Amino acid sequence: MNIRKIYELLYSHYGDLGWWPADNDEEIIIGAVLTQNTSWKNVEIALRRMKDYQILGISEICKSSEDTIKKAIMPSGFYNRKAMTLKRLSSGIIERFGSVEAMKKQSAMDVANFLGSIHGIGPETRDDILLYALGFPAFIIDSYTTRIFSRFTGKEKYQHDLLTGRVPIGDIPLNVEELKNIHAMLVLTAKEHCRKKPVCGGCPLETKCSFALEKEK
DNA sequence: CTCCAGGAGA
DNA sequence: TCTCCGGGAG
């Protein structure tokens, strides 16, 4: 599977999507936690509520009670776990780095290891933060990506360096802007075409996808 | 009422 | 590998 080829197929269809809507990097970090196993629609409601509660920021989270956070983020679901995760992450950032800006000056591996050490932050949330909030190269693997790659390659469980060695990304020939965009494009592809119940017609990957090719026969 | 979408613990 | 955690939307 040639990731560059997939990028070109997607790009000629979608172009630059300009992704992860947020006013600042801290909102991206918070959104990355809230969107765990949750649709972005629900996250938007939760972010709006956090703004209303005046707790939409790293230091604000440190200062506010866990109960207040729970109330604010309720619409995004799993609020007990997520409130604790936001607390641990926020205080960890302040204690370890002092600020989000300071994190960007560290090495990718140091920041990745820090994020991975936070209870409630798994591989996907870690990579969301690394890529979209901090600008480090990371290839984000979520359930959409897994589904698309599995069908595209025709392998039940697609296993590759991409899924095991996400940080650092090694030989993936994509720069940071392309990495941001390919994840955005893969999400759109999954929502529009590569759903649980596939809609292969018009999919940008249709001509090269073994699932679509197999189905045609 | 059913579906959706990460991470941890067992 | 299975189960729990919790909402919003179709």
Side-chain angles (χ1 to χ4, degrees), chain A residues 17 19-22 27-53 55-56 61 65-93 111-134 136 138-152 155-160 162-167 169 179-180 182-200 203 211:
Chain A
L17 292 174
W19 223 48
W20 207 297
E27 285 186 28
I28 295 176
I29 292 173
I30 295 162
V33 172
L34 295 183
T35 201
Q36 287 172 355
N37 212 41
T38 302
S39 76
W40 186 253
K41 203 68 187 170
N42 296 15
V43 176
E44 281 181 333
I45 302 169
L47 288 171
R48 160 49 57 185
R49 287 169 62 87
M50 287 185 78
K51 199 163 216 168
D52 294 342
Y53 278 65
I55 57 170
L56 188 53
I61 289 170
S65 75
E66 204 167 292
D67 216 55
T68 304
I69 300 171
K70 286 181 188 177
K71 286 199 186 88
I73 68 174
M74 188 92 64
S76 74
F78 306 99
Y79 49 85
N80 284 305
R81 293 165 186 273
K82 287 176 182 176
M84 289 192 290
T85 302
L86 285 174
K87 270 285 191 188
R88 283 188 289 253
L89 178 58
S90 299
S91 58
I93 288 172
V111 179
N113 288 335
F114 161 76
L115 291 171
S117 74
I118 304 290
H119 188 95
I121 303 286
E124 188 192 337
T125 310
R126 177 197 67 198
D127 291 350
D128 281 339
I129 293 171
L130 284 171
L131 180 62
Y132 288 106
L134 305 176
F136 289 114
F139 192 96
I140 296 163
I141 302 287
D142 58 5
S143 59
Y144 294 141
T145 316
T146 309
R147 187 160 71 218
I148 292 172
F149 284 179
S150 297
R151 287 184 180 147
F152 188 87
K155 294 179 175 143
E156 196 67 27
K157 275 286 170 193
Y158 181 71
Q159 294 294 354
H160 184 266
L162 284 185
L163 290 98
T164 55
R166 285 180 272 196
V167 179
I169 60 167
L179 287 162
K180 287 182 182 178
I182 197 171
H183 183 241
M185 295 190 293
L186 286 169
V187 169
L188 254 189
T189 302
K191 285 182 179 296
E192 293 177 348
H193 301 286
C194 209
R195 310 179 184 178
K196 293 252 176 128
K197 292 180 184 303
V199 183
C200 296
C203 176
F211 181 86

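The shown structure was predicted, so the numbers you read here are calculated from the model rather than taken from an experiment. First the proteins, then the strands, lettered A, B, ... as listed; each starts at 1.
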Novice: Assess the residue pair F152(A) and F211(A) against the criterion (side chain to side chain contact (heavy atoms under 4.5 Å, CB included)); give the C-alpha distance rounded to whole Å, side-chain angles, the decisive distance to 0.1 Å, and a yes or no.
Specialist: CA-CA 6 Å; F152(A) 188 87; F211(A) 181 86; over 6 Å; no
Novice: Whole Å only: how far is the NZ atom of K71(A) from the C1' atom of dG7(C)?
Specialist: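 Result: 17 Å.
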Novice: What does G122(A) touch in the nucleic acid at a heavy-atom separation under 4.0 angstrom: a base, only the sugar-phosphate, or nothing?
Specialist: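 G122(A): backbone/sugar contact only, no base atoms under 4.0 Å.
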Novice: Quick check on DNA chain C: between F78(A) and P75(A), whose nearest nucleotide comes earlier from the 5' end?
Specialist: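 It is F78(A), whose closest nucleotide lies nearer the 5' terminus.
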Novice: Scan T125(A) against the nucleic acid and name what it touches under 4.0 Å (heavy atoms): base, sugar-phosphate only, or nothing.
Specialist: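 Answer is sugar-phosphate: T125(A) comes under 4.0 Å of backbone atoms only.
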Novice: Side chain of D142(A): nearest nucleotide among dG8(C), dG6(C), dG6(B)?
Specialist: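 For D142(A), the side-chain atoms sit closest to dG6(B).
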Novice: OP1 or OP2 of dA5(B) versus the side-chain N and O atoms of T35(A): is any pair under 4.0 Å?
Specialist: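 Looking at the OP1 and OP2 atoms of dA5(B), neither is under 4.0 Å from any side-chain N or O of T35(A).
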Novice: Measure CE/M84(A) against C1'/dG6(B) and give the value in whole Å, please.
Specialist: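 Atom-to-atom, M84(A) to dG6(B), this comes out as 15 Å.
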Novice: To the nearest angstrom, how far is E124(A) atom CD from dA8(B) atom P?
Specialist: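 Atom-to-atom, E124(A) to dA8(B), this comes out as 12 Å.
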Novice: Which heavy atom of I69(A) sits nearest to which heavy atom of L86(A), and what is that distance?
Specialist: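 Heavy-atom minimum between the residues: CG2-CD1, 4.2 Å.
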Novice: Where each residue is assigned the nucleotide of DNA chain B containing its nearest heavy atom, which of H119(A) and K196(A) is assigned the position nearer the 5′ end?
Specialist: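 So the residue in question is K196(A).
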Novice: If you check the I45(A) side chain, which of dG6(B), dG7(C), dG8(C) turns out closest?
Specialist: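 Selected nucleotide (nearest to the side chain): dG8(C).
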Novice: Starting at CE of M185(A), measure out to CD of E192(A) and round the result to the nearest 0.5 Å.
Specialist: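 If I round to the nearest 0.5 Å, the distance is 12.5 Å.
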Novice: Measure from the side-chain heavy atoms of R81(A) and tell me the nearest of dA5(B), dC5(C), dG6(C).
Specialist: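 Closest nucleotide to the R81(A) side chain: dC5(C).
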Novice: Both K41(A) and Q36(A) contact DNA chain C. Taking the nearest nucleotide for each, which residue is further toward the 5' end?
Specialist: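 Result of the comparison: Q36(A).
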Novice: What's the spacing between H119(A) NE2 and I121(A) CD1 if we round to 0.5 Å?
Specialist: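 Result: 10.5 Å between the selected atoms.
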Novice: Where each residue is assigned the nucleotide of DNA chain B containing its nearest heavy atom, which of T38(A) and G116(A) is assigned the position nearer the 5′ end?
Specialist: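 Upstream on the strand: T38(A).
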Novice: Taking atom P of dA8(B) as reference, at what distance in whole Å does atom CZ of R126(A) sit?
Specialist: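 Result: 11 Å.
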Novice: Considering just the side-chain nitrogens and oxygens of N80(A), establish if one lies under 4.0 Å of OP1 or OP2 belonging to dG6(C).
Specialist: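 For dG6(C), OP1 or OP2 has a side-chain N or O of N80(A) closer than 4.0 Å.
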Novice: Can you tell me if K71(A) and Y53(A) form a side-chain donor-acceptor pair at under 3.5 Å?
Specialist: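 Y53(A) and K71(A) do not have a side-chain donor-acceptor pair below 3.5 Å.
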Novice: If every non-hydrogen atom of P75(A) is compared with every non-hydrogen atom of R49(A), which pair is closest and at what distance?
Specialist: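 For P75(A) versus R49(A), the nearest heavy atoms are CG-CD, 3.4 Å.
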Novice: Please report, rounded to the nearest Å, how far the P atom of dA5(B) is from the CZ atom of R195(A).
Specialist: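 It works out to 11 Å between those atoms.
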Novice: Picking from D142(A), D127(A), D128(A), T145(A), what satisfies side chain to side chain donor-acceptor pair (under 3.5 Å) with H183(A)?
Specialist: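 Only one of D142(A), D127(A), D128(A), T145(A) forms a side chain to side chain donor-acceptor pair (under 3.5 Å) with H183(A), namely D142(A).
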Novice: Counting only side-chain heavy atoms from C-beta out, which of dA5(B), dG7(C), dC5(C) sits nearest to N42(A)?
Specialist: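 Shortest atom-to-atom distance from the side chain points to dG7(C).
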Novice: Would you say Y79(A) reaches dG7(C)'s phosphate, i.e. side-chain N/O to OP1/OP2 under 4.0 Å?
Specialist: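 So the side chain of Y79(A) is within the cut-off, an N or O lying under 4.0 Å from OP1 or OP2 of dG7(C).
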Novice: Would you mind reading off the distance between N37(A) atom CG and dT3(C) atom P, rounded to a whole angstrom?
Specialist: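 That distance rounds to 16 Å.
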Novice: Looking only at non-hydrogen atoms, find the nearest pair between M74(A) and Y79(A) and report the distance.
Specialist: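 M74(A) and Y79(A) have their closest heavy atoms at SD-CE2, 3.1 Å.
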Novice: Kindly express the pairing pattern of DNA chain C in dot-bracket notation, using | wherever a base pairs with another strand and counting only Watson-Crick or G-U pairs under 3.5 Å.
Specialist: |||||.||||
Novice: Side chain of P123(A): nearest nucleotide among dG7(C), dG7(B), dA9(C)?
Specialist: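 Closest nucleotide among those given: dG7(B).
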Novice: Atom NZ of K82(A) and atom C1' of dC5(C): how far apart are they, to the nearest Å?
Specialist: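 My rounded result for the distance is 10 Å.
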Novice: Could you tell me how far apart K191(A) (NZ) and dG10(C) (P) are, to the nearest whole angstrom?
Specialist: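 For the pair K191(A) NZ and dG10(C) P, the rounded distance is 12 Å.
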